[in-house]
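Just so you know, these numbers come straight off a predicted model, no measurement behind them.
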Amino acid sequence: MPAKLLIVDDDPNIRDVIGFAVETAGFVAEFAEDGTTGLNRAKSDDIDLLVLDVGLPEMDGFELCKELRKTSAVPILFLTARDDEIDRILGMEIGGDDYVTKPFSPRELVARIKAILKRSTSSQTWSDATLMRGDLILDPNRHICRFSGQEVPLTASEFLLLKALLERPDHVMKRQVLVSAIYGHNIHVSDRTVDSHIRNIRRKLAEVGCARSILTVHGIGLRMGQCREG
């Protein structure tokens with residue numbers, strides 16, 4: 001079955017351009033023109049990915065993302081008309097998977113959608129053994145992360161990043177290696193994006209009692225902490 005995408009944008013021309021591009025690429029497209037309608041459809045329909053404009057009427061894209069993340073880990077690709085780094089970082093930190101700045105290339109947009117769906121599908125179909133570090137357990141078969149028995153909700157990108165670190169927990173991994181583990185080798189992603197994912201993982205683990213989960217080795221990269229309660 002082709003993936004079903006929900007395009008949430010108040011500009012009918014943008015909706016038409018994206019709809020044509022994704023349907024030509026073999027996806028099914030649905031549409032919403034404001035945040036409230038987009039949130040309701042995302043909650044009620046079986047959506048595989050949201051293409052979400054930041055500047056929406058009624059409820060903006062950031063608000064929609066934060067509300068949706070309370071109940072769903074569906075991948076979200078942000079569209080923003082502002083080439084402002086703080087907006088892009090905020091979008092990633094509240095649960096976005098990627099972003100594209102307007103005006104955009106439809107070809108690039110489709111490539112990023114495919115990359116997100118690929119890693120989202122991969123995170124759900126691994127047959128790897130369970131990974132453990134202290135009181136932290138990552139079960140790739142079921143896409144479950146637990147610390148001291150408490151489940152930690154991770155997006156597909158966060159899950160892949162944590163998995164890459166847990167596979168070599170005592171090694172310091174460069175950010176570019178982690179970028180490749182999440183996005184593959186053919187898409188440029190800034191270090192800021194990886195840093196946003198790292199902050200999200202650290203915050204989520206700290207909320208369940210794991211204060212030193214991922215350690216920064218300055219000038220080199222990142223490695224896992226001991227991940228023990230207390």
In short, Asp48 meets Pro75 closest at the heavy-atom pair O-CD, 3.2 Å
Gap separating the CG atom of Leu161 from the CZ atom of Arg175, nearest 0.5 angstrom: 10.0 Å
Compare every heavy atom of Asp34 with every heavy atom of Glu58, then report the nearest pair and how far apart it is. CG-CB, 4.0 Å
Counting only N and O atoms by type, is there a donor-acceptor contact under 3.5 Å from the side chain of Glu67 to the main-chain atoms of Leu64? no
Lys118 vs Asp97, salt bridge (Lys or Arg N to Asp or Glu O under 4.0 Å): CA-CA, chis, key distance, verdict: CA-CA 12 Å; Lys118 181 178 179 180; Asp97 292 88; over 6 Å; no
Verdict with reasoning, Phe104 to Ile18, per side chain to side chain contact (heavy atoms under 4.5 Å, CB included): CA-CA 10 Å; Phe104 57 85; Ile18 297 175; 3.7 Å; yes
Report yes if some heavy atom in the side chain of Met173 is under 4.5 Å from a heavy atom in the side chain of Leu222; otherwise report no. no
Nearest atoms (heavy-atom pairs only) where Ile94 meets Arg69: O-CG, 3.7 Å
A side-chain contact here means heavy atoms from C-beta on lying under 4.5 Å apart; do Met224 and Leu162 qualify? yes
Group every Ile, Leu, Val, Met, Phe, Trp and Tyr by side-chain heavy-atom contacts under 4.5 Å, then state whether Val208 and Ile214 land in the same group. yes
Rounded to the nearest 0.5 Å, the OG1 atom of Thr155 sits from the CD1 atom of Ile116 at a distance of 10.5 Å
Crowded around Lys43 NZ? As in, over 12 foreign heavy atoms under 6.0 Å? yes
Under 4.5 Å between any side-chain heavy atoms of Leu109 and Leu77, yes or no? yes
Answer yes or no: is there a side-chain heavy-atom contact under 4.5 Å between Leu68 and Leu50? yes
Grab the two heavy atoms, one from Pro140 and one from Thr130, that are nearest each other, plus how far apart they are. CD-CA, 4.1 Å
Interatomic distance, CD1@Ile144 vs CG@Leu138, rounded to 0.5 Å, equals 10.0 Å
Just say parallel, tilted or perpendicular for the rings of Phe78 and Phe62, cut-offs at 30° and 60°. perpendicular
Indicate yes or no: at least one non-hydrogen side-chain atom of Arg133 is less than 4.5 angstrom from one of Gln226. yes
Short N-O contact, Asp9 and Lys102, less than 4.0 angstrom: yes
Nearest 0.5 angstrom please: Asp98 CG to Leu49 CG, how far? 9.5 Å
Could you walk me through whether Asp53 and Asp11 satisfy the side chain to side chain contact (heavy atoms under 4.5 Å, CB included) test, starting with their C-alpha distance in whole Å, then the side-chain angles of each, then the deciding distance to 0.1 Å, before giving a yes or no? CA-CA 9 Å; Asp53 184 31; Asp11 186 331; over 6 Å; no
Any donor-acceptor pair under 3.5 Å from Arg202 side chain to Ser213 backbone: no
Between Leu136 and Cys210, is there a side-chain heavy-atom distance shorter than 4.5 Å? no
Grab the two heavy atoms, one from Gly55 and one from Asp10, that are nearest each other, plus how far apart they are. O-OD1, 3.7 Å
Hydrophobic clustering (ILVMFWY, side-chain heavy atoms < 4.5 Å, transitive) - are Ile201 and Ile137 grouped together? no
Can you tell me how far apart SG (Cys145) and NZ (Lys163) are? Round to the nearest 0.5 Å. 13.5 Å
Test of understanding: clusters of I, L, V, M, F, W, Y form through side-chain heavy atoms closer than 4.5 Å, transitively. Do Phe27 and Leu79 belong to the same one? yes
Derivation of the salt bridge (Lys or Arg N to Asp or Glu O under 4.0 Å) call for Lys66 and Asp60: CA-CA 10 Å; Lys66 286 188 284 187; Asp60 70 25; over 6 Å; no
Treat each ILVMFWY residue as a node, draw an edge where side-chain heavy atoms are under 4.5 Å apart, and state whether Leu166 and Val172 are in one component. no
Can you tell me if CD on Glu33 sees more than 12 non-hydrogen neighbours from other groups inside 6.0 Å? no
Count the heavy atoms belonging to other residues, nucleotides or ligands that lie under 6.0 Å from CZ of Arg203, then report whether that count exceeds 12. yes
Between Asp139 and Arg146, does any NZ, NE, NH1 or NH2 come within less than 4.0 Å of an OD or OE carboxylate oxygen? no
Reported CD1-to-CG distance for the pair Ile198 and Leu165, which is rounded to 0.5 angstrom: 5.5 Å
What is the minimum heavy-atom distance between Gly26 and Pro2, and which atoms define it? O-CB, 3.2 Å
